[in-house]
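Because the structure is a prediction, the values reported are computed rather than measured. What's counted below: heavy atoms across the whole structure, side chains too, no hydrogens, waters or symmetry copies.
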Amino acid sequence: MARKAWDVEFTAYPEEVGTLRHLVRQRLSDWGLDEIVDTAQLCVSELVSNVVTHVGPGTPGALTLSLNGTHLRIEVQDPDARALPTLVAAEADAEGGRGMALVEALTDRWGVQLHEDRKVTWCELATGLASPAVVMVEPSVTRAEALLDMYATLRPPTCRYEPGLGRVGRTVAEESVIDVITDFLRWLRVHGCDADEVLDRAQSRYEATLSSSRR
């Protein structure tokens with residue numbers, strides 16, 4: 001089953017939380033992850049409500065769901081890198097203060113990624129899915145990862161690929177792949193090779209490996 005990363009933009013108002021919960025239920029059901037729907041909805045509610053309360057109503061934000069190995073990763077982005085979520089030991093009769101404590105209790109891990117113009121608060125839940133180890137040990141994938149690691153040393157420090165950074169990390173990795181392909185195409189041209197022919201052969205070989213893996 002294809003479980004491609006999914007995201008949606010929202011405006012942080014209390015009434016928006018219900019809409020996002022509905023979208024999360026629908027997406028996770030489509031992914032066959034019904035067993036963790038309720039927990040994921042609670043986490044989304046707390047993370048989005050945290051933006052409403054501590055950054056302010058009307059704040060533009062984005063919600064992303066993706067798979068990180070065998071875990072569901074939930075990310076909520078907002079433009080305020082100063083208002084950081086913290087764990088608070090709330091009193092039993094307190095009306096607030098339990099948000100991140102609840103996320104801490106429900107998830108395997110959570111954290112915050114800070115950027116110049118935004119922050120991303122994330123958490124991860126175990127899904128019970130089988131480990132994708134078979135993908136990790138494919139020789140072609142291993143070679144590609146090794147090449148990206150080496151190529152990253154040639155890039156400016158602010159542009160280097162850093163694994164494990166969710167959507168941001170994947171975006172930088174994609175740009176690195178494009179750079180690698182571009183450099184190879186230039187090499188082919190300098191050496192008098194037909195770049196289009198090479199790309200066609202590479203595409204054919206890639207499609208052949210996909211067909212073999214489905215058998």
> Heavy-atom distance under 4.5 Å between the side chains of Ile74 and Thr107, does that happen here?
Replying inline: no

> Going by heavy atoms in the side chains, are Val76 and Val44 under 4.5 Å from each other?
Replying inline: no

> Any donor-acceptor pair under 3.5 Å linking the side chain of Thr11 with the backbone of Pro60?
Replying inline: no

> Does Arg118 come within less than 4.0 Å of Asp80, counting only side-chain N to carboxylate O?
Replying inline: no

> When rounded to the nearest 0.5 angstrom, what is the spacing between CG in Leu47 and CD in Gln77?
Replying inline: 13.0 Å

> Between the side chains of Trp110 and Glu124, is a donor N or O closer than 3.5 angstrom to an acceptor N or O?
Replying inline: no

> Do Leu63 and Val24 pass the side-chain contact (heavy atoms from CB on, under 4.5 Å) test, and can you show the C-alpha distance, the side-chain angles, and the key distance before you say yes or no?
Replying inline: CA-CA 10 Å; Leu63 167 68; Val24 167; 3.9 Å; yes

> Can you check whether Gly56's main-chain N or O pairs, donor with acceptor, with Thr59's side chain at less than 3.5 Å?
Replying inline: yes

> Is a salt bridge present between Lys119 and Asp78, judged by a nitrogen-to-oxygen distance below 4.0 Å?
Replying inline: yes

>> Once rounded to the nearest 0.5 Å, what's the spacing between atom CG of Asp194 and atom CG of Leu188?
In response: 9.0 Å

>> As an exercise, state the distance from CG of Leu199 to CD1 of Ile181, rounded to the nearest 0.5 Å.
In response: 8.0 Å

> So do Asp183 and Arg186 actually touch side chain to side chain, heavy atoms under 4.5 Å?
Replying inline: yes

>> Once rounded to the nearest 0.5 Å, what's the spacing between atom OG of Ser49 and atom CD of Glu46?
In response: 6.0 Å

> Glu75 versus Arg73: any side-chain heavy-atom pair under 4.5 Å?
Replying inline: yes

>> As a quick check of understanding, evaluate side-chain contact (heavy atoms from CB on, under 4.5 Å) for Val198 and Leu185, giving each step before the final call.
In response: CA-CA 9 Å; Val198 171; Leu185 291 176; over 6 Å; no

>> Any heavy-atom pair between the side chains of Leu65 and Arg3 that's under 4.5 Å?
In response: no

>> Just by distance, no angles: are the side chains of Asp34 and Ser29 close enough, under 3.5 Å, to form a donor-acceptor pair?
In response: yes

> Atom CE of Met100 and atom SG of Cys43: how far apart are they, to the nearest 0.5 Å?
Replying inline: 8.5 Å

> Got Trp6 and Thr64 here, is their nearest side-chain heavy-atom distance under 4.5 Å?
Replying inline: no

>> Please report the interatomic distance CG(Asp7) to CZ(Arg27), rounded to the nearest 0.5 Å.
In response: 10.0 Å

>> Please give me the minimum heavy-atom distance between Leu114 and Ala81, naming the atom from each residue.
In response: CD2-O, 3.8 Å

